[in-house]
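In the text below, chain A, chain B and the rest are named by the order of the sequence lines, each starting its count at 1. We use all heavy atoms of the structure for the numbers below, so side chains are in, but hydrogens, waters and symmetry mates are not.
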Amino acid sequence: MATLRTKREALVLVKEMTPENLEATVRRSSRNGLAPKRLQYSPEEETPKKKRKTKAVAVNGSQNKKPKDEEDAENSDVEHAPEGYGRLSAYELERLENIRQNQAFLSSINLFQATEEFKQLTRPKPSQRGLTRAHAAVKEVLPPRKSLRLQKKEAEILELPPEPRGTLIYEQSSPAKKPSGPLPMDPVNVEEGSKLPPQLLELCSEDVKEDKKILLDLKGYCSSMKINEDKVAKVVKDRIFSATFHPCTSSLLLAAGDKWGKVGLWKLGGDWGDDGVLLFQPHTRPVGCMAFSKSHPTQLLSLSYDGSLRCMDVEKAVFDDVYDIEDGLKTFDFMSHDCSTLVVGNWYGEVAIVDRRTPGNSHESLHTLDPKTLRCVNVHPLQKQYFVVAESKVVSIYDSRNLKKTKSQAVSQLHGHSLSISSAYFSPCTGNRVLTSCMDNNIRIYDTSTMTTKSPLLTTIRHDMQTGRWLTKLSAVWDPKQEDCFVVGSMMKPRRVQVFHESGQLQHSFMDSENLSTVLSVTAFHPTRNALLGGNASGRLHVFSD
DNA sequence: ACGTGATGACTCC
DNA sequence: TGGAGTCCCTCACG
């Protein structure tokens, strides 16, 4: 049993103490060697539940037969008064003793006191900044209803709707995919017909100097980066799948994409929309990947599982089509410094090299890699012909000049992953390292400086990746300002975001009892400023900055 | 054996 | 009072 570090942690523990997970807690504790003696049931019995079942069988056999009143006592979970002890078997005395020891153990860790002391405490209220309820819920006005019976009419004969055809049925009634062609950039959270705030274009067009990178000792600058209530806001409605900083430096401008294809733009301290948040709906299914164009920072490219890749252009105030397939886009990256060519990966294990200067999909080149396993593509920062692909259990580096329709030969491979790999990224300055996040609970760093057929593994870091059903998968991502540090969300309590050096050394844990109380699955550093973002499962962005 | 798919308790307005 | 919002772990199944 871990020591309780904060009041909230203790409260969570207490709140979670249902009979089911109390059992689990005791089991966990026993692995740590701290637990009291476990209840000792007879060998074939695992739990009290099972016990009852097996007992029913045992009654028929002659060996374990017990008087009926003793059985009732067990089932009622009420202990007999002391005079009853005389009739208890040795097994039951041991059971009572175990219960007593368990009680003593639970008292010794102050669980019961903690229950009393922290009963009133709740987790901090989520930030009310950003999107509001009024905008989030569209109220449907229905005419008053009167049943047919009250209207004294014959009942209608209703028929079941026809069985849906096709193989893909999404949860809820998923809205139809947006039509192709430019979509107007109309925010859904402000009054209809209102224009984009002109300051947004101004901010996006701001001259960005790459050489203004602030290189400080990481430990120093991490501890200067703080969060406060102004730096948390609801930017999209649902769970965040992707998020990024705009490269501008005079203000902090962020973008996030959610589960239902919404894209939110948030300027910290902005006076437009809801606390600086503008919400758009360019897609209809999760926005898996997004990035601002480095050569045209008024453009934000966003990719969705619905099969569309669009380019939000603040200048033209539209979402343009960039690339479109029926379904299942997964990931993309820029292949040239001018951001005109892209590598786009889909669920079917195909990568397409897309040139944005030729409209439509006609000029794309499509290459099938390992089918159904592609999860991430990332281009080498200097040698743009190389891109790294996270496949099922291997990461491959391909040369885009050397791709075939099928069975392309990888330039180099990174081995050692034992489960599926969620992401793989080249280090930002030299590309001499590749950082991978794997479902086997390891973050790995490989040496790709020589591009030999097998790139050597340098570092392995244990990290809990079991995010389960309700959270976006964790991905370790480099700090673009330097070569050798990366950030990753964490399941640990109290909730935190961690920064590691490529050597495996933990540099900093970003925590805040007031403003960070959820898992931040999606994380990213600002390209030039000392700022870090984290997105959670309810559409909130959190910023740590100077 | 791994990837996939599945909820429920609680609070607040 | 009920519906919407918030948060997020493990396990069965094929």
Side-chain angles (χ1 to χ4, degrees), chain A residues 8-9 11-25 27-28 31 46-47 49 118-142 167-172 174 189 232-241 258-260 262 274 279 285-286 305 328 330 347-349 370-375 390-394 417-422 437-442 464-474 489-496 513 515-522 534-542:
Chain A
R8 189 166 310 113
E9 197 177 349
L11 179 71
V12 168
L13 225 155
V14 170
K15 276 175 73 180
E16 288 171 356
M17 276 303 153
T18 59
E20 292 80 6
N21 62 19
L22 180 61
E23 167 87 8
T25 307
R27 224 181 298 135
R28 269 199 300 278
R31 280 204 294 274
E46 278 286 313
T47 66
K49 245 185 190 170
F118 303 130
K119 235 170 200 170
Q120 297 94 344
L121 281 184
T122 50
R123 79 165 62 226
K125 199 178 172 185
S127 161
Q128 298 303 298
R129 219 166 276 277
L131 299 178
T132 58
R133 278 184 178 226
H135 291 131
V138 181
K139 264 210 167 165
E140 199 180 349
V141 183
L142 294 170
T167 48
L168 287 172
I169 301 162
Y170 302 123
E171 58 177 298
Q172 300 185 7
S174 167
N189 67 325
V232 183
K234 193 167 169 86
V235 176
V236 283
K237 266 194 72 177
D238 218 300
R239 174 173 151 195
I240 294 181
F241 273 68
D258 81 354
K259 183 176 165 181
W260 294 110
K262 294 207 164 56
D274 294 304
L279 184 67
R285 300 205 52 225
Y305 296 1
K330 184 76 186 161
W347 281 343
Y348 311 103
D370 193 3
K372 294 204 175 187
T373 62
L374 185 147
R375 315 206 180 230
E391 293 171 275
S392 166
K393 281 180 191 169
V394 67
H417 302 90
S418 63
L419 287 177
S420 72
I421 302 152
S422 351
S437 308
C438 180
M439 292 309 286
D440 66 8
N441 291 339
N442 285 301
D464 183 7
M465 298 288 183
Q466 308 309 307
T467 45
R469 182 181 176 201
W470 305 107
L471 299 178
T472 302
K473 283 193 170 67
L474 301 177
S490 167
M491 298 293 286
M492 282 169 81
K493 291 179 185 177
R495 303 306 191 189
R496 66 194 68 188
S513 58
N515 301 294
L516 200 180
S517 58
T518 59
V519 175
L520 301 185
S521 297
V522 179
N536 77 6
S538 56
R540 287 192 168 75
L541 279 179
H542 302 63

Item to complete: Compare the minimum distances between each of dT4(B), dC8(C), dC7(C) and the side chain of Leu471(A), then state the nucleotide with the smallest one.
Response: dC8(C)
Practice prompt. Nearest whole angstrom, please: distance from the P of dC2(B) to the CE of Met465(A).
Written response: 17 Å
Worksheet item: If only side-chain N and O atoms of Arg540(A) are considered, is one of them under 4.0 Å from the OP1 or OP2 phosphate oxygen of dT6(C)?
Response: yes
Fill in: Rounded distance in Å between the C1' positions of dT11(B) and dT10(C)
24 Å
Worksheet entry | dT4(B) to dC9(C) separation - C1' atoms, rounded to the nearest Å | 15 Å
Worksheet item: Would one find a side-chain N or O of Lys234(A) under 4.0 angstrom from OP1 or OP2 of dT6(C)?
Response: yes
Worksheet item: To the side chain of Leu419(A), which of dC7(C), dG3(B), dC8(C) is closest?
Response: dG3(B)
Discussion item. Keeping Thr518(A) on the side-chain end and Asn536(A) on the backbone end, is there a donor-acceptor pair under 3.5 Å?
Written reply: no
Discussion item. Would you measure the distance from the P atom in dG8(B) across to the matching atom in dC13(C) and give it in whole Å?
Written reply: 15 Å
Practice prompt. Under 4.0 Å between any heavy atoms, over every strand shown, what does Met491(A) touch: base, sugar-phosphate, or nothing? Just pick one.
Written response: sugar-phosphate
Discussion item. Using the P atom as the point on both nucleotides, what is the distance between dT6(C) and dA6(B), in whole Å?
Written reply: 23 Å
Report, one pair per line, the protein and nucleotides 12-14 of chain C atoms (nitrogen or oxygen only) whose separation is under 3.5 Å.
none

Worksheet item: Residues two or more places apart in sequence or in another chain: which of them pass salt bridge (Lys or Arg N to Asp or Glu O under 4.0 Å) with Arg495(A)?
Response: none
Worksheet entry | Gap between atoms CZ and C1', on Arg239(A) and dA4(C) respectively (whole Å) | 19 Å
Fill in: Partners meeting side chain to side chain donor-acceptor pair (under 3.5 Å) with Ser418(A) (sequence neighbours left out)
Asp440(A)
Worksheet item: For Lys125(A) and dC13(B), is the shortest distance between a side-chain N/O and OP1 or OP2 below 4.0 Å?
Response: yes
Discussion item. Asp464(A) vs Met492(A), test: side-chain contact (heavy atoms from CB on, under 4.5 Å). Steps then yes/no.
Written reply: CA-CA 8 Å; Asp464(A) 183 7; Met492(A) 282 169 81; over 6 Å; no
Worksheet item: Okay, side chain of Lys473(A), backbone of Thr467(A): is any donor-acceptor separation there less than 3.5 Å?
Response: no
Worksheet item: Do the side chain of Arg239(A) and the main chain of Leu471(A) share a donor and acceptor less than 3.5 angstrom apart?
Response: yes
Worksheet entry | Backbone N/O of Asp258(A) and side chain of Asp238(A): donor-acceptor pair under 3.5 Å | no
Discussion item. Could you tell me how far apart Lys330(A) (NZ) and dG3(B) (C1') are, to the nearest whole angstrom?
Written reply: 13 Å
Practice prompt. Compare side-chain N and O positions of Arg495(A) against OP1 and OP2 of dC8(C) and report whether any pair is under 4.0 Å apart.
Written response: yes
Fill in: Gap between atoms CG and P, on Asp464(A) and dC8(C) respectively (whole Å)
13 Å
Worksheet item: Between Arg469(A) and dC9(C), is there a side-chain N or O to OP1/OP2 distance below 4.0 Å?
Response: no
Worksheet item: Mapping Gly468(A) and Lys393(A) onto DNA chain B by nearest heavy atom, which one lands closer to the 5' end?
Response: Lys393(A)
Worksheet item: Between Lys473(A) (NZ) and dG5(B) (P), how many Å, whole number?
Response: 10 Å
Worksheet item: Just by modelled atom types, is the Met439(A) backbone N or O under 3.5 Å from a matching donor or acceptor in the Gln466(A) side chain?
Response: yes
Discussion item. Counting only side-chain nitrogens and oxygens, does Thr518(A) get under 4.0 Å of the OP1 or OP2 atom of dC7(C)?
Written reply: no
Worksheet item: Could you give the CE-to-P distance, from Met439(A) to dT10(C), as a whole number of Å?
Response: 13 Å
Fill in: Centroid under 5.5 Å and tilt under 30°, Trp470(A) to dT7(B)
yes
Practice prompt. Find the distance Arg129(A):CZ to dT6(C):P and express it as a whole number of Å.
Written response: 15 Å
Item to complete: Round to the nearest Å and state the distance from Asp258(A) atom CG to dT6(C) atom P.
Response: 12 Å
